[in-house]
Amino acid sequence: MSTNPQANPGVEAIPQFDLAPQYAAIGREIRTAVERVLSSQQFVLGREGAALEEEIAALCGVSHGVGVASGTDALILALCACGVQAGDEVLLPASTFVATGSAVSALGAKPVFADIRPETYNLDASELARRVTPRTRAIIVVHLYGLAADIDPIVSFAKSHKLPLIEDNAQAIGSAYKGRRTGSFGDAACLSFYPTKNLGAYGDAGMVVSNSGEIATRIRTLRNHGQTGKYLSSEPGWNSRLDEIQAAVLRVKLRHLSDWQHARRSNAAEYTRLLQQVPGVMPPFEPEGFEHVYHQYTIRSEQRDALQQHLAARKIGSTVYYPHPLHLQPLYAHLGHKAGDFPHAERAAQEVLSLPMYPELRKDQIARVVEAIAEFVKC
Ligand SMILES: Cc1ncc(COP(=O)(O)O)c(C=O)c1O
């Protein structure tokens with residue numbers, strides 16, 4: 001039987017991401033938790049949020065968690081709490097979601113980009129020494145797609161230059177490096193609970209985790225109008241509070257995160273096993289001592305766009321994260337970068353393709369995706 005949907009319109013679509021099976025499995029638990037919040041009539045900065053802060057901090061292996069309204073806010077508030085101000089420079093990878101850079105810009109600071117390692121897509125530590133200046137005030141390291149950056153040399157660099165290190169852990173909750181969880185290496189780490197994340201809310205939400213009581217207290221103040229007492233503000237802040245319904249949803253999902261992570265890793269192993277027979281396509285790389293949580297299963301191909309179209313014609317979803325490196329975004333045209341400045345980030349933007357990945361993805365669906373890729377490679 002043909003698996004080409006043009007020949008067989010009844011063929012099942014395989015979306016790149018699908019939350020429906022998750023809700024089918026845990027909907028009852030979710031509704032019970034939401035009902036609990038509705039009955040309490042406490043909607044902002046209550047018991048659910050406080051409990052979630054403790055649970056997420058424990059998961060990351062740090063002592064404090066501060067819930068905020070999004071991952072982007074987590075980055076802005078963490079940068080601010082680390083002392084970043086207008087005119088400062090912040091080092092960060094050129095290959096990431098735009099929020100990593102725009103959080104820096106939101107404070108009037110300047111993002112200074114660094115290239116990535118081509119095999120992991122994460123910040124290349126050796127770039128830091130080339131890009132640091134006397135105006136550098138902080139470093140953001142991103143754990144892209146669910147894989148930790150090679151963090152030891154980055155921590156050493158930050159320490160030796162007395163620069164605060166912020167982890168953008170939006171995509172990598174639960175991942176590990178040499179047995180230690182991401183989110184525990186920097187002065188502060190930022191999480192996003194955007195619905196498509198491995199731990200996703202039913203709306204926007206985020207958190208900063210840290211071992212520093214000082215940073216955590218500052219973020220508690222900043223997220224709530226700079227208030228240090230009731231209706232007493234000591235500095236300008238934001239309204240970036242985590243709401244109770246999202247916290248309650250996240251607490252339910254947190255109980256399943258380890259199983260979901262296991263399922264993602266098992267799906268990734270199956271993809272990688274099958275892709276070994278397919279030339280010209282590079283599966284993701286998980287270095288020794290790293291635990292990838294496969295927020296994305298991202299391959300690379302020199303014919304990425306044609307491959308994506310081939311998959312789409314067979315009702316197989318895929319996404320390019322991200323088609324434009326930050327230095328070539330119109331947002332940063334004023335920084336004067338040009339093509340060729342960060343070759344590894346640019347090449348990744350042309351070649352990466354994220355395949356269907358979610359815990360409930362079935363092995364027969366993975367086989368169909370790989371078959372379609374193999375068919376493309378043979379053409
Ligand atoms: C790497 C990275 N940083 C920051 C963010 C921003 O998070 P949010 O969408 O919750 O603001 C995201 C998620 O979208 C992300 O993937």
Side-chain angles (χ1 to χ4, degrees), residues 45 49-85 88-92 99-100 103-104 106-107 109 123 128 132 136-143 148-149 151-170 172-193 205-229 233-238 240-242 247:
L45 296 185
L52 182 72
E53 288 174 344
E54 278 185 21
E55 290 162 5
I56 298 283
L59 173 83
C60 295
V62 300
S63 29
H64 306 279
V66 187
V68 296
S70 69
T72 307
D73 280 6
L75 285 163
I76 296 172
L77 270 59
L79 286 162
C80 188
C82 287
V84 172
Q85 295 180 350
D88 291 339
E89 293 182 359
V90 177
L91 293 167
L92 58 112
T100 317
V104 174
L107 292 170
L123 182 64
L128 296 173
V132 72
T136 307
R137 188 69 188 82
I139 301 170
I140 305 179
V141 58
V142 182
H143 307 304
I151 198 90
D152 278 349
I154 298 171
V155 168
S156 301
F157 183 91
K159 285 213 166 102
S160 66
H161 288 74
K162 298 195 168 42
L163 291 169
L165 177 65
I166 294 168
E167 295 174 74
D168 181 340
N169 202 25
I173 186 167
S175 70
Y177 173 89
K178 297 186 184 171
R180 209 172 125 186
R181 287 263 161 80
T182 53
S184 65
F185 294 94
D187 295 272
C190 301
L191 295 160
S192 163
F193 303 124
M207 193 173 289
V208 181
V209 295
S210 177
N211 270 323
S212 159
E214 201 182 322
I215 288 175
T217 302
R218 184 91 197 285
I219 292 172
R220 283 186 200 287
T221 305
L222 290 171
R223 76 174 169 181
N224 198 11
H225 303 289
Q227 293 181 92
T228 46
S233 288
S234 48
E235 63 176 321
W238 286 263
S240 183
R241 300 172 301 226
L242 175 64

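- In terms of modelled atom types and a separation under 3.5 Å, the side chain of Asn211 and the main chain of Ser63 share a donor-acceptor contact.
- Asp168 and Thr100 get closest at one heavy-atom pair: OD2-OG1, 2.9 Å.
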Listed pairs under 3.5 Å, donor-acceptor, residues 67-77 side chains, sequence neighbours left out:
{"residue": "Ser70", "atom": "OG", "partner": "Thr72", "partner atom": "N", "Å": "3.4"}
{"residue": "Ser70", "atom": "OG", "partner": "Asp73", "partner atom": "N", "Å": "3.0"}
{"residue": "Asp73", "atom": "OD2", "partner": "Ser240", "partner atom": "OG", "Å": "2.6"}

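- The shortest heavy-atom contact between Glu167 and Gly183 is OE1-N, 2.7 Å.
- Closest approach of Ala188 and Ala78 over heavy atoms only: CB-CB, 4.2 Å.
- Residues Gln227 and Ser234 fail the side-chain proximity criterion, which asks for heavy atoms closer than 4.5 Å.
- Closest approach of Val84 and Ala138 over heavy atoms only: CG2-CB, 3.8 Å.
- Shown are Val132, Val104, Leu123, Ile140; of these, the side chain to side chain contact (heavy atoms under 4.5 Å, CB included) with Leu91 is made only by Val132.
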With side chain to side chain contact (heavy atoms under 4.5 Å, CB included) as the criterion, how do Ile139 and Val90 come out once you've worked through the C-alpha distance, each side chain's angles and the decisive distance to 0.1 Å? CA-CA 6 Å; Ile139 301 170; Val90 177; over 6 Å; no
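- Contact detail for Ser184 and Gly61: the closest heavy-atom pair is CB-O, 4.2 Å.
- A donor and an acceptor atom, one from each side chain of Thr221 and Thr228, are nowhere located under 3.5 Å apart.
- Side-chain contact check for Ile166 versus Cys190: some heavy-atom pair is nearer than 4.5 Å.
- Contact annotation: the side chain of Asp187 never approaches that of Ser212 to less than 4.5 Å [non-hydrogen atoms, C-beta and beyond].
- Side chain of Ser175 to backbone of Thr182: no donor-acceptor contact under 3.5 angstrom is found.
- To the nearest 0.5 Å, atoms CG (Leu163) and SG (Cys82) are separated by 10.5 Å.
- A 4.5 Å side-chain heavy-atom check between Thr136 and His161 finds every atom pair outside the cut-off.
- Residues Ile151 and His143 meet the side-chain proximity criterion, which asks for heavy atoms closer than 4.5 Å.
- One distance of note links CZ of Phe185 with CG of Leu165; it measures 10.5 Å at 0.5 Å rounding.
- Residues Asn224 and Arg241 are in side-chain contact: their nearest non-hydrogen atoms beyond the backbone lie under 4.5 Å apart.
- When side chains are defined from C-beta on, His225 does not count as touching Trp238, because their heavy atoms never get closer than 4.5 Å.
- A heavy-atom distance below 4.5 Å is not found between the side chains of Ser210 and Ile219.
- The number of heavy-atom neighbours closer than 6.0 Å to CD of Glu235, taken from other residues, nucleotides and ligands shown, is above 12.
- With rounding to the nearest 0.5 angstrom, the NE2 atom of His64 is 13.5 Å from the CE atom of Met207.
- Ion pairing of Arg220 with Glu53 is present here, as a side-chain N (NZ or NE/NH1/NH2) and a carboxylate O approach within less than 4.0 Å.
- Rounded to the nearest 0.5 Å, atoms CG (Leu222) and CG (Leu79) are 11.5 Å apart.
- Between Val142 and Ala149, the closest heavy-atom pair is O-CB, 3.9 Å.
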